[in-house]
Amino acid sequence: MNDGGHLDDQFYKNTRARVVMIAFSIAVLLLVFRLFYLQIFQGPYHERLSAQNFMRLKVLHAPRGLILDRNDKVIARNRASHQIAILPTELKEPEMVFQNLMRFRDTTGQRIFDSTLVKWSMERGRWRRFQPLVILEDASPELVAMIEEHQLDVPGVITLAESRRAYPYGSNAAHIIGYMDEIKEDELAKFALQKTKQVNAPSYSLGNRIGRKGLEKYYERYFRGRDGVRYVKVNAYGKELEVLDDMPQLDPVPGHNLVTTLDMELQSLAESLIPDSVRGSIVALDPRNGDVLVMMSSPKMDGNIFSLSKDRRSKDWARLAL
């Protein structure tokens, strides 16, 4: 009896040892398989994730084509502009960034950033992870320098360079030229559909500006060039360090210029003949060939207003309405 009990006990111990060894072997095999899977099958994916931690795709906006009169005088050109934006993928501590943004003040002691817009942009970033969300338009060079200098305090806040339309002659010929305005979300689907049907149709994204009225609208597809792209190296706080020359690049293609038949000297003379208090219009043609030399309408408008930031635009509209 004792020998039988001893054999049973020994058998139990051997069986338990085998179970432990089998379980240990399975665990090792699973670990080896997991490492193999991560390194071989998932290696390229994790390599891309690692690259995204220091690499950013930067869009280079193509210069918009100019509008000139018959004597090559520029009546619609581009001016440099900077935007302050939040890049959600790099926004790791939103509350800390929000509090630090609220500390930025202008020369009068007023807050530079609108708290409601900043909060709304941060919330919106949950669904637009890779879309820069502008929190301040037409930023001054001083503010851009401040943001760059305090990058450690506002990681995830970036500066964007773009060009906006400028009309050197102000309200002169404004009804003919038209103006530029930011594209609306409901328009993006329409342009995306056009892109699928037309190979050379221009591409648009949220925040782009588009021609409204007049020549700016009619010749939009010719004025708008093709944006380029660059990959830039950034540090842990999102500050750009250098261009990655070994990555694919695409140079921007400028838009086409347009030479009109207008004569801005005659146009300016005609504009001065009718004050804003009088409704009227003047059209002058070249009798030899029918070229339109002058086309003016009163009351006038200044297309430069639409290139201002939204708060400055509202103030100018309020002033004009008086």
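Starting from 1, each residue takes its place in the sequence as its number.
Hydrophobic clustering (side-chain heavy atoms under 4.5 Å, transitive across Ile, Leu, Val, Met, Phe, Trp, Tyr) groups Met301 together with Val283. Neither Leu133 nor Phe113 shares a network with the other; the hydrophobic side chains, linked directly or stepwise wherever heavy atoms of I, L, V, M, F, W or Y lie under 4.5 Å apart, form separate groups for each. At a threshold of 4.5 Å between side-chain heavy atoms, the hydrophobic network of Ile, Leu, Val, Met, Phe, Trp and Tyr places Ile112 and Met102 in one connected group. Leu60 and Leu160 fall into different hydrophobic clusters, where Ile, Leu, Val, Met, Phe, Trp and Tyr are joined by side-chain heavy atoms under 4.5 Å apart, directly or via other members. Hydrophobic clustering (side-chain heavy atoms under 4.5 Å, transitive across Ile, Leu, Val, Met, Phe, Trp, Tyr) groups Met295 together with Leu258.
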Report task. Apply the test side-chain contact (heavy atoms from CB on, under 4.5 Å) to residues Ile147 and Val157: give CA-CA distance (whole Å), side-chain angles for both, the deciding distance (0.1 Å), then the verdict. Result -> CA-CA 8 Å; Ile147 293 293; Val157 177; 4.2 Å; yes
Report task. Walk me through it: do Glu271 and Tyr169 pass the test side-chain contact (heavy atoms from CB on, under 4.5 Å)? Result -> CA-CA 11 Å; Glu271 299 273 357; Tyr169 290 90; over 6 Å; no
Query raised in the report: Going through the distances and angles, do Arg164 and Arg79 end up as a side-chain contact (heavy atoms from CB on, under 4.5 Å)?
Result: CA-CA 5 Å; Arg164 293 200 174 190; Arg79 66 175 178 85; 4.0 Å; yes
Query raised in the report: How far apart are the C-alpha atoms of Asn78 and Arg165, what are their side-chain angles, what is the distance that settles it, and do they pass the side chain to side chain donor-acceptor pair (under 3.5 Å) test?
Result: CA-CA 5 Å; Asn78 304 307; Arg165 216 48 159 173; 2.9 Å; yes
Query raised in the report: Could you go step by step and tell me if Lys119 and Glu95 meet the salt bridge (charged side-chain N to carboxylate O under 4.0 Å, His left out) rule?
Result: CA-CA 9 Å; Lys119 279 287 189 183; Glu95 187 57 35; 3.3 Å; yes
Requested in this report: Please assess Ile67 against Asn257 for the test side-chain contact (heavy atoms from CB on, under 4.5 Å), listing each intermediate value before the final yes or no.
Outcome: CA-CA 6 Å; Ile67 303 178; Asn257 295 339; over 6 Å; no
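The shortest side-chain heavy-atom distance between Pro155 and Leu91 does not fall under the 4.5 Å cut-off. A heavy-atom distance below 4.5 Å is not found between the side chains of Met180 and Arg212.
Although no hydrogens or angles enter the test, the distance criterion places a donor-acceptor pair under 3.5 Å between the side chain of Lys92 and the main chain of Thr89. Asn304 places a side-chain N or O within 3.5 Å of a backbone atom of Tyr167 that can act as its donor or acceptor partner. In terms of modelled atom types and a separation under 3.5 Å, the side chain of Asp302 and the main chain of Ile305 share no donor-acceptor contact. Side-chain N or O atoms of Asp69 include none that pairs as donor or acceptor with a backbone N or O of Asp263 at under 3.5 Å. Asp276 contributes a side-chain N or O that, together with a main-chain N or O of Lys300, makes up a donor-acceptor pair within less than 3.5 Å. No side-chain donor-acceptor contact under 3.5 Å links Ser307 to the backbone of Ala166. A donor-acceptor pair is defined here as one N or O able to donate and one able to accept, closer than 3.5 Å; such a pair exists between the side chain of Asn289 and the backbone of Asp291. Under a 3.5 Å cut-off, the side chain of Ser298 and the backbone N or O of Pro275 do form a donor-acceptor pair. Of the possible polar contacts, one joining the Asn100 side chain to the Asp153 backbone as a donor-acceptor pair under 3.5 Å is found.
The environment of CD in Glu265 is sparse: at most 12 heavy-atom neighbours from other residues, nucleotides or ligands sit within 6.0 Å. Within 6.0 Å of CD on Gln99 lie more than 12 heavy atoms contributed by other residues, nucleotides or ligands.
In this structure, Lys213 forms no cation-pi arrangement with Tyr179, as its terminal cationic atom is not both closer than 6.0 Å to the ring centre and no more than 45° off the ring axis.
Residues Ser121 and Ile86 come closest through the heavy atom pair CB-CD1, 4.3 Å. In terms of heavy-atom proximity, Pro252 sits nearest to Ala62 at CB-CA, 4.0 Å. The minimum heavy-atom distance between Val294 and Ala270, with the atom names listed, is CG1-CB, 3.5 Å. When all heavy atoms of Ala174 and Gly303 are compared, the closest pair comes out as CB-N, 4.5 Å. The two residues His175 and Pro299 make their nearest non-hydrogen contact at CE1-O, 3.2 Å. The two residues Ile75 and Ile177 come nearest to each other via the heavy atoms O-CD1, 3.9 Å.
Between Arg209 and Glu216, no side-chain nitrogen of the basic residue sits less than 4.0 Å from a carboxylate oxygen of the acidic one, so the salt-bridge criterion is not met. The pair Arg288-Asp286 meets the salt-bridge criterion, with a side-chain N (NZ, NE, NH1 or NH2) lying under 4.0 Å from an Asp/Glu carboxylate O.
To the nearest 0.5 Å, atom NZ of residue Lys58 and atom CZ of residue Arg230 are 9.5 Å apart. Interatomic distance, Lys184 NZ to Asp181 CG, rounded to the nearest 0.5 Å: 5.0 Å. The CZ atom of Phe104 sits 5.0 Å away from the CE atom of Met146 when rounded to the nearest 0.5 Å. The distance from the CG atom of Leu66 to the CG atom of Asp72 is 10.5 Å, given to the nearest 0.5 Å. Interatomic distance, CG of Leu293 versus CZ of Arg70, reported as 5.0 Å (0.5 Å rounding). If you take OG on Ser297 and CD1 on Ile274, they are separated by 8.5 Å, rounding to the nearest 0.5 Å.
A side-chain N or O of Gln83 and one of Ser81 form a donor-acceptor pair less than 3.5 Å apart. A donor-acceptor pair shorter than 3.5 Å can be found between the side chains of Glu148 and Thr159.
Evaluated for a side chain to side chain donor-acceptor pair (under 3.5 Å) with Asn208, the options Arg224, Glu187, Glu162 yield exactly one hit, Arg224.
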